[in-house]
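Single-structure report; data block below.
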Amino acid sequence: MLSLQFARDNPDAVRKGLRDRGVEETGLGELLRLDGERRGLLVDLESLRAERNATGKRVGSATDAAERQRLIDETRVLSERIDALEPRAREIEERVRSLLLDLPNVPHPDTPVGEGEEQNVIIRTEGAPPPFDFEPRPHWEIGERLGIIDFERGVKLSGSRFYVLKGAGARLERALIAWMLDLHTDKQGYTEVYTPFVVKEECLWGAAQLPKFRDNLYHDVEDDLWLVPTAEVPITNLHRDEILEPGVLPLNYVAYTPCFRREKMSAGRDVRGIKRGHQFDKVEMYKLCPPEASDDELERLVGDAEAVCRGLSLTYRVKQLCTGDLGFSATQACDIDVWASGCGEWLEVSTCSNCGDFQARRAGLRFRRERGSKAEYVHTLNGSGLGLPRTLAAVLENYQQRDGSVAVPDVLKPYMGGIDVIRPANA
RNA sequence: GGAGGGGUGGCCGAGAGGCUUAAGGCGGCGGUCUUGAAAACCGCUUCGGGACUUGUCCCGACGGGGGUUCGAAUCCCUCCCCCUCCGCCA
């Protein structure tokens, strides 16, 4: 959420940010107009309240009955005038809030201006695609031939976009998760958290999933709980409405969670394989830091995600997202794509975003620099490290061998219970 | 699931329609005293919003929301959360 104050003082900057994102800016004009009306109304309303409070106080100490009655009548009149103004004030307040919640973050000055994916800037490409002396297969073929991915039974259980991992496939998924968590906690200094996978509605507003992404969320009506679409949601809300004491920042968290997404917007896209499911695993990194540190923290976050790709010897590239492709909450972001030899595609396995104070303002995440100093909003950053299915797909495709088996990456071997090569027999 | 008890500032805790500007204490910060420290004493302690004369005034906030009333921390309704006992259960 943008600061109302900021929008009021810098309407042109906000307008430019919206335009660069390719977003309709109609709400901004209404917002600023209503804000003006709101403040005018508050002046009247608050002076009436002050008068009522003063008069009402005298009622209590009045000894003379007639005087007391006169004061009560006077207070009643003031209350009636207040009651007449309040509905409009409340209406404006709600509308202003709702308009504010609909506005995306303003892009960082370093974010390149562009309309969409095509204008993203490839910053670097690391590694080279592994050489194959045979035609590499896509992961869905590898998975089925090895008996480690069962698409049909996934559909039998839960419908399209669900699959079952089996034997060494399930084990490989678990190995990847465990290895990634160990890397982030032991080598990169993140604190692991294990959170609920269903959350209350207010958490989704705090993390800016609502109102915009309502259609993409699974919602349990009976208990009014929502399945998390990413660990970003519970972690953003860990410190909701807290003022962090001096010295606790920066906070670095990492969490494994499954992620649940309805993917209504992507109907018909990426239906082949495990690239886009309604349920997938993800290891997510998350940072809370002082405002002046977030630019540097974004670089570190990207570096920490790259370390996962390097550990697995995957070929990858880092792209800086342009304004048109930037996430709703982000002010600056980078994608990491890994090369998948079988399907011949770059697979997006991570988006690392600096959200500035956008989520912090929604979720009430503040800190104090020193004891007694004013509370300020933190900056928040999040990045996958990494999304599991696409990483798993890339591993299967890049580590496949002529005989149809798949070699286990060195870093995962300690987690595989002695399986160094996945063959049909392992399934 | 059944029965009961609760939710007040950073923390503890009083207040039970107007005399509250939320008592008192703890913790914290500043000061006096001291060679220094402790103790004692004095003062200050939250968040959001608004106004202008920019350092002062005002408004809102006692778990959230709604209501009763001239007036609500206080009474009513509702939701959330915590605790105790019982039942059931991974």
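Per chain, numbering begins at 1; letters A, B, ... match sequence-line order.
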### Message
Below 30° counts as parallel, above 60° as perpendicular, anything between as tilted: where do the rings of A:Tyr253 and A:His239 land?
### Response
parallel

### Message
Under 4.0 Å, counting only non-hydrogen atoms across every strand here, what does A:Arg68 touch: a base, just sugar-phosphate, or nothing?
### Response
base

### Message
Quiz question: by atom type and distance under 3.5 Å, do the side chains of A:Asp335 and A:Thr351 form a donor-acceptor pair?
### Response
yes

Distances for protein N or O near nucleotides 19-21 of chain B N or O, under 3.5 Å:
from: B:U21; atom 1: OP2; to: A:Lys57; atom 2: NZ; distance (Å): 3.3

### Task
By nearest nucleotide on RNA chain B, pick out whichever of A:Arg76 and A:Gly56 is the more 5' one.
A:Gly56

### Message
Tell me which pairs pass ring-ring contact (aromatic ring centres under 6.0 Å, His included) where either residue lies in residues 64-115 of chain A, with sequence neighbours left out.
### Response
none

### Message
Taking only the P atom of each, what is the distance from B:C62 to B:U8 in whole angstrom?
### Response
12 Å

#### Entry: Pairing annotation in dot-bracket form, given for RNA chain B with Watson-Crick or G-U pairs under 3.5 Å and | for cross-strand partners
((((((((.[[[..)..(.....]]]((((((.......))))))(((((((..))))))).[[[[[..)....]]]]])))))))....

## Note on the structure
When A:Leu249, A:Ile243, A:Val248 are each screened for side chain to side chain contact (heavy atoms under 4.5 Å, CB included) with A:Val378, the one that passes is A:Leu249

### Summary
Sorted by chain and residue number, the ring pair (Phe, Tyr, Trp, His ring centres under 6.0 Å) partners of A:Phe6 (sequence neighbours excluded) come out as none

### Query
What distance, rounded to whole Å, do you find between the two P atoms, one in B:U78 and one in B:G2?
15 Å

### Query
Roughly, in whole Å, what's the span from CD in A:Glu74 to P in B:G71?
14 Å

### Task
Give the B/S/- string for nucleotides 50-59 of chain B, one per nucleotide from 5' to 3', where a protein heavy atom under 4.0 Å of the base yields B, of only the sugar-phosphate yields S, and otherwise -.
SS------BB

### Message
A:Val318 and side chain to side chain contact (heavy atoms under 4.5 Å, CB included): which single residue from A:Cys352, A:Cys309, A:Cys334 fits?
### Response
A:Cys334

### RNA chain B-proximal residues of residues 79-97 of chain A, any heavy atom under 4.0 Å
A:Ser79, A:Arg90

### Query
Looking at the rings of A:Phe197 and A:Phe260, which for Trp means the six-membered one, are their centres under 6.0 Å apart?
no

### Query
Sub-3.5 Å donor-acceptor pair from the side chain of A:His278 to the main-chain atoms of A:Arg262, do we have one?
yes

